[in-house]
Amino acid sequence: MHNVNIENIISIAKEAGKIAMSFYDKPYSIAEKKNKTPITEVDQALHDYLMKELSVYGYPILSEEGEDDFEKRKNAEFVWIIDPLDGTSDFIQKTGEFAVMIGLVNNGGESILGVVYAPALDELYFAQKGEGAYMMKDGEKTKLTVSDRELEKGRILVSRNHLGEFEQEIAKKHHMQQISMGSAGLKMCRIAKRDAELYINSSDQSGVWDICAGDVIIKEAGGRIVDLNKDIILYDKQVILKSGCIVL
């Protein structure tokens with residue numbers, strides 16, 4: 001069993017959130033990645049902080065902003081998968097819908113611990129396998145359970161900045177209300193707290209760090225997450241870009 005206390009990981013995520021907010025209303029550098037998505041010095045600052053704090057556990061760390069050492073993580077007992085700043089575009093746009101995401105997977109590639117913290121919204125979501133999923137907001141802890149509402153005429157979460165045709169086709173087919181928001185991780189958590197019934201990410205540029213932390217939260221809230229072929233998602237593969245996901 002891993003030697004991780006989730007309360008410590010929550011504290012790390014909250015501190016990372018403080019770092020993010022320290023940049024929020026100040027000038028900071030913005031560049032563009034090869035895939036045309038933005039990266040800021042905030043992403044790098046959070047990456048550096050999380051790498052330092054999580055390295056004490058001795059497990060390999062796969063971060064969106066770092067180099068993947070597959071040889072190091074392929075036989076590891078546990079691996080951290082992190083997105084230091086999920087929703088960089090939303091951070092830049094000041095929508096508040098961005099999050100620090102920390103996930104832990106076992107050597108079977110299963111997400112077993114997840115923390116998602118949205119500092120601008122003061123929303124903290126967390127779960128461990130077998131122990132339920134929870135949200136902390138305004139000092140109150142709430143157990144999460146996905147909606148039991150039918151998909152037909154239900155609600156689908158769609159990306160504010162990367163809206164895909166596939167998602168729109170599904171929404172139209174099932175007469176669903178479309179709700180736009182940022183951060184893949186936050187969308188998954190909003191499914192867990194019954195704010196919507198469906199989230200689909202059809203992008204072929206979606207990384208495992210976009211969904212790993214939210215994976216265990218969704219499952220512990222009674223929901224499901226699969227890839228676009230409706231197969232289970234595991235996180236022990238060399239391929240770190242997934243062909244999207246479906247969360248319900």
Side-chain angles (χ1 to χ4, degrees), residues 4-33 35 37-69 79-105 111 113-128 134-141 160-161 181-190 207-217 240:
V4 179
N5 182 327
I6 195 167
E7 294 299 329
N8 293 341
I9 307 308
I10 288 171
S11 295
I12 290 170
K14 284 185 172 181
E15 186 59 34
K18 289 180 183 178
I19 295 171
M21 295 308 295
S22 73
F23 284 91
Y24 203 43
D25 293 316
K26 298 177 182 178
Y28 51 83
S29 65
I30 304 173
E32 190 175 78
K33 296 182 184 180
N35 64 3
T37 61
I39 182 171
T40 70
E41 66 177 293
V42 189
D43 295 77
Q44 190 61 52
L46 297 186
H47 166 82
D48 292 345
Y49 171 74
L50 293 175
M51 292 293 289
K52 175 174 69 72
E53 294 297 319
L54 295 175
S55 65
V56 302
Y57 292 97
Y59 306 141
I61 305 172
L62 174 60
S63 168
E64 178 177 13
E65 310 310 340
E67 294 294 326
D68 177 28
D69 188 343
V79 176
W80 295 107
I81 299 182
I82 65 173
D83 192 340
L85 184 61
D86 182 49
T88 300
S89 294
D90 284 270
F91 185 90
I92 295 168
Q93 296 162 8
K94 291 185 168 58
T95 69
E97 293 170 350
F98 56 89
V100 177
M101 308 223 299
I102 304 174
L104 183 69
V105 302
S111 177
L113 179 151
V115 175
V116 176
Y117 179 50
L121 305 176
D122 187 33
E123 292 181 3
L124 172 73
Y125 302 87
F126 61 95
Q128 293 186 86
Y134 301 89
M135 178 182 73
M136 287 286 295
K137 186 173 176 66
D138 299 327
E140 293 188 11
K141 181 178 177 180
R160 178 183 293 110
N161 294 296
M181 65 175 293
S183 170
L186 271 183
K187 292 188 190 77
M188 295 174 71
C189 292
R190 294 292 174 83
V208 293
W209 41 76
D210 291 313
I211 57 176
C212 179
D215 182 310
V216 66
I217 294 172
I240 57 177

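Everything numeric in this text was worked out from a predicted model, so none of it was measured. Sequence positions, counted from 1, serve as the residue numbers for this chain.
Here salt bridge (Lys or Arg N to Asp or Glu O under 4.0 Å) pairs that include residues 47-57, with residues two or more places apart or in two chains, number zero. A salt bridge (Lys or Arg N to Asp or Glu O under 4.0 Å) check over residues 22-31, counting only residues at least two apart or in different chains, returns nothing.
The minimum heavy-atom distance between S63 and M51, with the atom names listed, is CB-SD, 4.4 Å. Minimum interatomic distance between A45 and I19 (heavy atoms only, all atoms of both residues): CB-CG2, 4.4 Å. Between A99 and L186, the shortest heavy-atom contact is CB-CG, 4.2 Å. Of all non-hydrogen atoms in L121 and K137, the two that sit nearest each other are O-NZ, 2.6 Å. Across every non-hydrogen atom of I30 and P38, the tightest pair is CG2-CB, 4.3 Å.
In terms of the side-chain hydrogen bond (donor to acceptor under 3.5 Å, both in side chains) criterion, residue partners of T37 (sequence neighbours excluded) are, by chain and number, N35. A search for side-chain hydrogen bond (donor to acceptor under 3.5 Å, both in side chains) contacts involving K33 returns E64, E65, not counting sequence neighbours. Applying the side-chain contact (heavy atoms from CB on, under 4.5 Å) criterion to E15, with sequence neighbours excluded, gives K18, Y49. Every residue two or more places apart in sequence or in another chain that forms a side-chain contact (heavy atoms from CB on, under 4.5 Å) with D122 is listed here: Y117, D138. Evaluation of the side-chain contact (heavy atoms from CB on, under 4.5 Å) rule for E140 yields no partner, not counting sequence neighbours. Y24 meets the ring-ring contact (aromatic ring centres under 6.0 Å, His included) test with F91, F98; sequence neighbours excluded. The side-chain contact (heavy atoms from CB on, under 4.5 Å) search around A213 returns M101, V116, not counting sequence neighbours. For the side-chain hydrogen bond (donor to acceptor under 3.5 Å, both in side chains) test, residues two or more places apart in sequence or in another chain that qualify with D215 are K219, Y235. Annotation: side-chain hydrogen bond (donor to acceptor under 3.5 Å, both in side chains) contacts of D69 (sequence neighbours excluded): none.
In this structure, C189 SG and I217 CD1 are separated by 4.0 Å, a value rounded to the nearest 0.5 Å. Rounding to the nearest 0.5 Å places CD1 of I12 at 11.5 Å from CD1 of I6. In this structure, the separation between CD on Q44 and OH on Y28 is 15.0 Å, given to the nearest 0.5 Å. Interatomic distance, Y134 OH to L124 CG, rounded to the nearest 0.5 Å: 13.0 Å. Here the CE atom belonging to M135 is positioned 10.5 Å from the CZ atom belonging to F126, to the nearest 0.5 angstrom.
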Could you go through residues 79-89 and list every donor-acceptor pair under 3.5 Å that involves a side-chain atom there, pairing it with any protein atom two or more places apart or in another chain?
| residue | atom | partner | partner atom | Å |
| --- | --- | --- | --- | --- |
| D83 | OD1 | L85 | N | 3.4 |
| D86 | OD2 | S183 | OG | 2.6 |
| D86 | OD2 | A184 | N | 3.1 |
| D86 | OD2 | G185 | N | 2.9 |
| T88 | OG1 | D43 | OD2 | 2.7 |
| T88 | OG1 | L85 | O | 3.3 |

**Study point:** From CA spacing to verdict: side chain to side chain contact (heavy atoms under 4.5 Å, CB included), V208, V105
**Key:** CA-CA 11 Å; V208 293; V105 302; over 6 Å; no

Practice item. Could you check L104 against Y57 for side chain to side chain contact (heavy atoms under 4.5 Å, CB included), going step by step and ending with a plain yes or no? Key: CA-CA 11 Å; L104 183 69; Y57 292 97; over 6 Å; no

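Between the side chain of E123 and the main chain of A118, no donor-acceptor pair closer than 3.5 Å is present.
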